[in-house]
Trainee: 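Submitted below is the structure of interest, expressed as structure tokens.
Letters go in sequence order (proteins before strands), and every chain restarts at 1.
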Number of protein chains: 2
Amino acid sequence: MAPRGRPRAFDRDAALRKAMEVFWAKGYERASLADLTEAMGINAPSLYAAFTSKEALFQEALTLYSATEGCDIWEGVPAAPTARAACAHLLRATAEAFAGDEKRRGCLVVLSAPQTEGSSPSICDALKHHRAATTAVLRERLRRAVAEGDLPATADVEAITAYVVTVQHGLSIQARDGASRETLLAIAGCAMAGWENLVSVAHPPAA
Amino acid sequence: MAPRGRPRAFDRDAALRKAMEVFWAKGYERASLADLTEAMGINAPSLYAAFTSKEALFQEALTLYSATEGCDIWEGVPAAPTARAACAHLLRATAEAFAGDEKRRGCLVVLSAPQTEGSSPSICDALKHHRAATTAVLRERLRRAVAEGDLPATADVEAITAYVVTVQHGLSIQARDGASRETLLAIAGCAMAGWENLVSVAHPPAA
DNA sequence: GCCTTTCTGTATTGATCGATACATAACTAC
DNA sequence: GTAGTTATGTATCGATCAATACAGAAAGGC
């Protein structure tokens, strides 16, 4: 069952991983074909033959990212024993992940294409969809917590979900600005400091 | 004291404001000269004669932004009667500001150039410096609160500052993802729900 | 009037963008 | 072997990028 023509001379998975790292460090738009081909160690025609287009390459890189980098963070959310543990894990794991090396600070999904206007709509939509999907994971976990009696029935699941996700997104900016591991973890700690009040208020007032 | 040569045929301030709006909606890199000149109603040579370069134009737009758009939000921080009021105002005013029209959702300072790698270093540094400056405003207000006895001496001012700023930055992402005014305000409310615990803990644990 | 100065519109610069045409190389099938 | 298929490297495509050269227009100074 060997393929018919001339065999590919490079490791497709390894090249995809390199591409992901370039997108992670530079974002979708700023990652040029020259950047990508250099990092991947191949020429443009090979890239297009294997990945169709820059956009399709990014989509694959995004899938790889969520399957590898975001995996630990988000798998722990439904698996956590309580709603509180789920949120604490999410924020702490995010802080730990963003404390890595220089090139990988912050989340690819959050930082790759922040501008709605003018960007490739499919890229923007894919990232937006991805953010919505991860948000849904947390929301479902919190809903389950309410159903199980872990959280009071009056807890505002939508608001708490949005709040925790907002802190997580904000951590990407902090990480890109060079915040230390300690700072990132302190932020996560602060965000959880008011948990008891947070879940016991039906509709948290705007102040 | 009339200027010597042919008078400028456009309103420089009005053109700068238009440029700011383009940068706000598209970010620095994605805002092309064609976009800018069209919005400003002038040709490229006029733009360069009046603003030197795209980069210098952005710097001026950034100054205008902080002098107008960010003004209400940040002026209220030192002016607030208490640390709690300062933070609550900051987050609520941010939520209100980001609930505006489609093109202006989120903060220009946060969203214009999220990628450190490869971007124009001076643009990136300017935005980073601006974020640091606004962070410093909040930090100073909290320090004053400790000095005045408004906050306990054991309060972790650095961590609280970083936390509140992180929520504020995260609101930009939420706003760009289309969060409603109610959602943005609910997030601000959630962020403040744990205030009493937040300020009474010396070093908030990571969970 | 004429000269200098500054701005305006047209047209264009070299660089870089993402994406390919083409000829050649390397493999399977027969 | 030959035919068919796919990948590779070089060289390049048209489009777009930020930035200008240039000539004409509109003002003040004299």
Trainee: Any base atoms under 4.0 Å from B:F51, or only sugar-phosphate, or nothing? Heavy atoms, all strands.
Mentor: nothing

Trainee: I need the CG-P distance between A:L47 and C:dG18, as an integer number of Å.
Mentor: 10 Å

Trainee: Whole-Å distance between C:dT6 P and B:I42 CD1?
Mentor: 18 Å

Trainee: Return no unless some side-chain N or O of B:S46 is found under 4.0 Å from OP1 or OP2 of C:dT8.
Mentor: yes

Trainee: Would you mind reading off the distance between B:F10 atom CZ and D:dA26 atom C1', rounded to a whole angstrom?
Mentor: 15 Å

Trainee: Is a side-chain donor or acceptor of B:T63 paired with a backbone partner of B:Q59 at a separation under 3.5 angstrom?
Mentor: yes

Trainee: Is the shortest distance from a Lys or Arg side-chain nitrogen in B:R144 or B:E148 to a carboxylate oxygen in the other one below 4.0 Å?
Mentor: yes

Trainee: Does the side chain of A:D125 pick up a donor-acceptor pair with the side chain of A:S122 at under 3.5 Å?
Mentor: no

Trainee: If you take any heavy atom closer than 4.0 Å to DNA chain D, which residues from residues 15-36 of chain A end up in contact?
Mentor: none

Trainee: Quick one: is A:N43 getting a side-chain N or O under 4.0 Å of the D:dT8 phosphate, OP1 or OP2?
Mentor: no

Trainee: Does B:E69 pair with B:R17 as a salt bridge, N-O distance under 4.0 Å?
Mentor: yes

Trainee: Which nucleotide sits closest to the side chain of B:A44: C:dA19, D:dT20, D:dT10?
Mentor: D:dT20

Trainee: Taking side chain to side chain contact (heavy atoms under 4.5 Å, CB included) as the definition, give me every residue that meets it alongside A:S66, ordered by chain and number, with sequence neighbours left out.
Mentor: A:H130

Trainee: Does the structure place the NZ or CZ of A:K54 under 6.0 Å from the centre of the six-membered ring of A:Y28, at an angle of no more than 45° from the ring's axis?
Mentor: yes

Trainee: Would you mind reading off the distance between B:R8 atom CZ and D:dG28 atom P, rounded to a whole angstrom?
Mentor: 16 Å

Trainee: B:F10 ring centre to B:R8 NZ or CZ under 6.0 Å, with the angle to the axis within 45°?
Mentor: yes

Trainee: Nearest whole angstrom, please: distance from the P of D:dA18 to the CD1 of B:I123.
Mentor: 12 Å

Trainee: Listing time: all N or O pairs from protein to nucleotides 4-6 of chain D that are below 3.5 Å?
Mentor:
| residue | atom | partner | partner atom | Å |
| --- | --- | --- | --- | --- |
| D:dT6 | O2 | A:R6 | N | 3.3 |

Trainee: Report the residue from B:E29, B:K26, B:R30, B:R176 that forms a side chain to side chain donor-acceptor pair (under 3.5 Å) with A:Q115.
Mentor: B:R176

Trainee: Rounding to a whole Å, what distance do you find between B:D11:CG and C:dT8:P?
Mentor: 12 Å

Trainee: So, do A:R84 and A:M192 sit near enough that their side-chain heavy atoms are less than 4.5 Å apart?
Mentor: yes

Trainee: For the side chain of A:K54, starting at C-beta, report the closest nucleotide among C:dA19, C:dT8, D:dT8.
Mentor: C:dA19

